[in-house]
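Data first, discussion second: the structure below is written as structure tokens.
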Amino acid sequence: MNIDHLLRLEIEDAVAALFGQAAPVLQIQPTNQEFEGSHTLVCFPLTKLSKKGPEETGSVIGEKLVGNGKLVSKFNVVKGFLNLSISDEAWVKVLADMLATATYGQQAPNGKEIMVEYSSPNTNKPLHLGHLRNNFLGYSVAEIYRAVGYTVHKVQIINDRGIHICKSMAAWTLFGNGETPEGSGLKGDKLVGKYYVEFDKAYKAQVKELEGKGMTTEQAEKEAPIMKMAVDLLLKWEARDPETLKLWKMMNSWVYAGFDATYRRMGVDFEKLYYESDTYLLGKEEVMKGLAAGVFFRKDDGSVWVDLTGDGLDQKVLLRADGTSVYMTQDIGTAMLRFRDFPKIEGQVYTVGNEQEYHFKVLFLILGKLGYAWAKKCYHLSYGMVDLPSGKMKSREGTVVDADDLMEEMVSDAAAQTAELGKTEGMSKEEVDTLTEMIGLGALKYFLLKVDPKKRMLFDPSESISLQGHTGPFIQYTHARIRGMLRKANLTTGDRLPVTGDRWELHELERNVIVRLSQFPSKLEDAAREYSPAVIANYIYTLAQDYNQFYQAIPVLNEPDSDRRAFRLAFSGATADVIRSGMRVLGIGVPDRM
RNA sequence: GGUCCGGUAGCUCAACUGGAUAGAGCAUCAGCCUUCUAAGCUGACGGUUCCGAGUUCGACUCUCGGCCGGAUCACCA
């Protein structure tokens, strides 16, 4: 039973009957808290039809709706806004339907497939705060699409080749003394990252020295021995030199082991990994085809270009004069490969920072010019940077917030606060660990997801993320309290209570929560359409707020009337379920006690 | 300089895509544990929605012009 839909139909009928014309698209919105009712019809646009003022138009429609005696029980008109109260009987029916649906909010499969790319790090440095936002966003958008009925494929492209990894390789060869993660106990990605930093240090020193000997900066940067070594490694890599490949594979394997550990703790997963070393040549073929088809053109020096001046952009190079590919070429190749691997996907979502907006604009245009219809369904999920109070994160200034460190800090903070509140009585060490992990990561994920993705956001590591107020743990806590109640009532986790009794008169605080619960499916749709987990994060928060108001004011277990008690238990259980489902698409777990 | 994005309470963020008196949290202050978990609830304080025009019944939202911040405009990825 979908109240929004039924109400819309009923109002359309009423308008047609009253004014003799089909209604235009009706503006129906949730009623502001300060007025009575749950749905509000904006009457201004209807005055042309009714030939009456907005107030009177509202009254006439309201009377008609109440007269129908089905859905609407009461109405009031304030300044051209028709506020409608849905009958409690209808609301109880809504709740009953909700409880009868095993996976309320989860849509039936719609037969469509979509791919979501996220994470996609370079292999020369450990993951940091910016990657956390990327991973949590991408994972959540994928889960949201799954919830609205799509088959979703989560993938990433691992940027495993290029000068950056060669720099780490050079430094490790020179200064590593054979250090391995096993030998030194340093996590693989951290180890490789360490030598990337070593490279930078040595490089700078060498440049300075050469400058001292009279070279220009430009010359010195080219002539620094360690840089020449890195470039040499890159050339050898491209020439498939066995020694170089061996070193490259070894160091990359360390990085992957390190990343895996980080991903596991983050709670994200991937169906398939793409490696740039496998795909970087593929785009060429496609570019050559495009060239033959006249989509691209060749310049005198032999380089291949696309002309986007007709789209208000520039000309972009796709193949260098020496025939090697650029970034764009690789991305074309990767896209082709993915559609070959998953022919049914209708599009791709690329979770990549907003500094690459131009790149993706160009990529999608090119794919369209190549004649692929799915280019229109490709979306760049562009998100803003995470700033520190000191400004941007700068690896050179050592202000990068490491992903592993941050997760660890959040969890130990959560552990400290949990212990301080005396919540751990009667729990085993293992249970406490599981709980604090859930709380710490929940706080972090919620913090990063509640903000509109496209906005840049501020993260202050010194004042660690709060566990009170508009936070993940607040929502987790609301869930845990409900589960605690159900436990006391001897109900197990999976129980879905039927709504019993014939008491159709709801308390206002109960009705508020049911109204909120009924919005869950449409919120999921909004979130999918906008590619925004923030929609769900903010929705679940207001749901928890509404429920807590009810919980505070109205007894459940202590309610003497058994029908009412059963009703409130059922309705509390429904709330817990929606909280859990909503948090699940955010990638956040909820505990049964905390 | 061109293009794109952002600017909302002291701070961090919302505002159902043009609707009602712009809402939450944090912080500050004042209350609520002898009833289901106080990581909670109630109240107070806090606003020229960057500025200026325009569009209309109605603008944080749309248009134009400024101001501030960021990104981008590589044969880098």
Side-chain angles (χ1 to χ4, degrees), chain A residues 27-35 40 42-45 47 53-54 78-81 83 122 159 161-164 276 299 301 303-305 312-314 316-322 324-331 353-359 361 382 384-385 387 391-392 414 417-418 420-421 423 439 443 447 450-452 454-460 463 466-478 480-489 519 522-523 526 530 534-535 537-539 541-542 544-545 548-549 551-559 565 568-569 572 593-594:
Chain A
Q27 286 186 47
I28 302 173
Q29 56 187 350
T31 303
N32 281 11
Q33 208 66 314
E34 64 212 275
F35 301 109
T40 293
V42 183
C43 298
F44 301 96
T47 51
V78 183
K79 303 200 327 195
F81 294 88
N83 302 317
N122 289 342
N159 185 14
R161 51 145 239 129
I163 190 68
H164 57 272
E276 199 186 285
K299 286 198 176 173
D301 65 355
S303 55
V304 178
W305 294 70
L313 302 176
D314 277 334
K316 295 285 293 182
V317 69
L318 297 177
L319 285 179
R320 298 187 181 98
D322 64 5
T324 55
S325 352
V326 294
Y327 180 39
M328 189 65 71
T329 327
Q330 296 166 24
D331 269 8
N354 62 8
E355 69 273 12
Q356 296 200 33
E357 275 173 8
Y358 183 73
H359 172 77
K361 200 184 262 182
S382 165
M385 316 220 138
D387 284 324
K392 255 176 105 160
Q417 293 197 43
T418 303
E420 197 176 322
L421 289 169
K423 299 277 189 179
I439 296 172
F447 184 86
K450 74 173 177 185
V451 180
D452 182 345
K454 66 171 176 282
K455 291 196 178 177
R456 56 188 311 156
M457 63 182 298
L458 187 82
F459 177 81
D460 189 344
E463 43 181 272
S466 164
L467 309 184
Q468 277 102 37
H470 189 181
T471 67
F474 168 89
I475 298 167
Q476 291 172 322
Y477 179 68
T478 305
R481 279 208 303 204
I482 296 175
R483 295 251 61 107
M485 248 171 23
L486 298 183
R487 225 173 11 251
K488 281 199 179 171
Q519 297 165 350
S522 69
K523 287 292 175 184
D526 291 350
E530 294 172 33
V535 170
N538 288 308
Y539 163 73
Y541 173 64
T542 56
Q545 268 186 322
N548 283 334
Q549 282 178 31
Y551 180 90
Q552 160 73 23
I554 297 177
V556 178
L557 295 176
N558 297 329
E559 165 61 46
R565 184 168 176 276
R568 286 177 189 156
L569 277 169
S572 298
R593 71 182 76 203
M594 71 184 273

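Just so it is clear, the structure is predicted and the values come from calculations on it, not from any experiment.
Across the C1' atoms, B/C36 and B/G23 are found 30 Å apart, a figure rounded to whole Å. Comparing B/C45 with B/U72, their C1' atoms are spaced 43 Å from each other, to the whole Å. With both ends at atom P, the span from B/G7 to B/C16 equals 13 Å, rounded to whole Å. Nucleotides B/U49 and B/U8, compared at atom P, are 12 Å apart to the nearest Å. Here, B/C62 and B/G25 have their P atoms 28 Å apart, quoted to the whole Å. Nucleotides B/C26 and B/G46 place their C1' atoms 13 Å apart, quoted to the nearest Å. Rounded to whole Å, the separation between the P atoms of B/C50 and B/G69 comes to 16 Å. Of the C1' atoms belonging to B/C68 and B/G54, the separation is 23 Å, rounded to the nearest Å.
Of the nucleotides present, B/G70 is the one that pairs with B/C4 by Watson-Crick or G-U wobble criteria, both distances under 3.5 Å. Nucleotide B/C11 is matched to B/G25 when pairs are restricted to Watson-Crick or G-U wobble geometry with both distances under 3.5 angstrom. Applying the Watson-Crick and G-U wobble criteria (two distances, each under 3.5 Å), B/C32 pairs with B/G40. Pair check for B/U61 finds none; no Watson-Crick or G-U wobble contact set falls under 3.5 Å. Checking B/G18 for Watson-Crick or G-U wobble geometry (two distances, each under 3.5 Å) identifies no partner in any strand. Applying the Watson-Crick and G-U wobble criteria (two distances, each under 3.5 Å), B/G47 pairs with nothing in any strand.
As judged by a 4.0 angstrom heavy-atom cut-off over every strand, A/Asp314 is placed among residues touching the sugar-phosphate backbone only. Residue contacts for A/Val451: at a heavy-atom cut-off of 4.0 Å it reaches the sugar-phosphate backbone alone, with no base atom in range. In this structure, A/Asp331 reaches neither bases nor backbone, as no heavy-atom distance under 4.0 Å exists between it and the strands shown. Nucleic acid contact for A/Glu420: none, since no nucleic acid atom lies under 4.0 Å from a heavy atom of the residue.
With sequence neighbours left out, the side-chain contact (heavy atoms from CB on, under 4.5 Å) criterion links A/Phe81 to A/Gln29, A/Thr40, A/Val42, A/Phe44, A/Asn83. Residues passing the side-chain contact (heavy atoms from CB on, under 4.5 Å) test with A/Ile554, sequence neighbours excluded: A/His507, A/Leu509, A/Phe550, A/Arg568. With sequence neighbours left out, A/Asp301 forms a side chain to side chain donor-acceptor pair (under 3.5 Å) with A/Ser303. Looking at residues two or more places apart in sequence or on another chain, you find no ring pair (Phe, Tyr, Trp, His ring centres under 6.0 Å) involving A/Tyr551. Residues passing the side-chain contact (heavy atoms from CB on, under 4.5 Å) test with A/Phe447, sequence neighbours excluded: A/Met457, A/Phe459, A/Ile465. The salt bridge (Lys or Arg N to Asp or Glu O under 4.0 Å) check on A/Glu530 picks up nothing, with sequence neighbours excluded. A search for side chain to side chain donor-acceptor pair (under 3.5 Å) contacts involving A/Ser382 returns A/Glu357, not counting sequence neighbours. Listed by chain and residue number, A/Glu238, A/Glu276 satisfy the salt bridge (Lys or Arg N to Asp or Glu O under 4.0 Å) test with A/Arg161 (two or more places apart in sequence, or in another chain). Annotation: side-chain contact (heavy atoms from CB on, under 4.5 Å) contacts of A/Lys455 (sequence neighbours excluded): A/Val451, A/Asp452.
No more than 12 heavy atoms of other residues, nucleotides or ligands lie within 6.0 Å of CD in A/Glu420, so this atom counts as exposed by the packing criterion.
Listed pair A/Lys455 / B/A14 meets the phosphate criterion, a side-chain N or O lying under 4.0 Å from OP1 or OP2. In terms of phosphate contacts, A/Lys450 brings no side-chain nitrogen or oxygen within less than 4.0 Å of OP1 or OP2 of B/G25.
The separation between A/Gln29 atom CD and B/G23 atom P is 14 Å, rounded to whole Å. Spacing between atom OH of A/Tyr358 and atom C1' of B/C4 amounts to 12 Å, rounded to whole angstrom units. In this structure, A/Leu458 places its CG atom 14 Å from C1' of B/G70, rounding to the nearest Å. As rounded to whole Å, 20 Å separates atom P of B/A24 from atom CG of A/Asp452. Going from atom CG of A/Asn354 over to atom C1' of B/U3 covers 14 Å, rounded to whole Å. One atom, CE of A/Met457, and another, P of B/C11, lie 17 Å apart when rounded to the nearest Å. The nearest whole Å value for the distance from the CG atom in A/Asp460 to the P atom in B/A27 is 14 Å. Spacing between atom CG of A/Asn32 and atom P of B/A24 amounts to 11 Å, rounded to whole angstrom units.
At a cut-off of 3.5 angstrom, counting only N and O atoms as typed in the model, there is no donor on one side facing an acceptor on the other between the side-chain of A/Thr542 and the base of B/A14.
Taking the syn range as angles within 90° of 0, the glycosidic angle of B/U55 is outside it, so the base is anti. B/C33 adopts a syn glycosidic conformation, its chi angle falling within 90° of 0.
Once the 5.5 Å centre distance and the 30° plane angle are applied, the aromatic ring of A/Phe35 is found stacked with the base of B/A20.
If you check B/G70, B/A20, B/G19 against the side chain of A/Arg456, the one that comes closest is B/G70.
For A/Lys450 (side chain) and A/His470 (main-chain N/O), a donor-acceptor pair under 3.5 Å exists by modelled atom type. Between the side chain of A/Thr47 and the backbone N or O of A/Cys43, no donor-acceptor pair lies under 3.5 Å.
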Under 4.0 Å protein heavy-atom contacts per nucleotide of nucleotides 32-41 of chain B, with B for base, S for backbone only and - for none: ---BBBSBBS
Strictly under 3.5 Å: I want the nitrogen or oxygen pairs between protein and nucleotides 57-61 of chain B, one per line.
none

Provide a list of protein-nucleic acid N or O atom pairs under 3.5 angstrom, restricted to nucleotides 75-77 of chain B.
residue, atom, partner, partner atom, Å
B/C75, O3', A/Arg320, NE, 3.3
B/C75, N4, A/Asp301, OD2, 2.6
B/C76, OP2, A/Arg320, NE, 2.2
B/C76, OP2, A/Arg320, NH2, 2.3
B/C76, O5', A/Arg320, NH2, 3.2
B/A77, OP1, A/Arg320, NH2, 3.4
B/A77, OP2, A/Tyr327, N, 3.0
B/A77, O3', A/Asn159, OD1, 3.4
B/A77, O3', A/Glu276, OE1, 3.2
B/A77, O3', A/Glu276, OE2, 3.4
B/A77, O2', A/Asn159, ND2, 2.7

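Distance check: A/Gln476 CD to A/Arg483 CZ gives 14.5 Å after rounding to the nearest 0.5 Å.
For the pair A/Thr40 and A/Asn538, both in contact range of RNA chain B, the more 5′-proximal nearest nucleotide belongs to A/Asn538.
For the residue pair A/Glu559 and A/Pro555, the shortest heavy atom distance occurs at CB-O, 3.9 Å.
Counting only N and O atoms by type, the side chains of A/Arg481 and A/Asn548 include a donor and acceptor under 3.5 Å apart.
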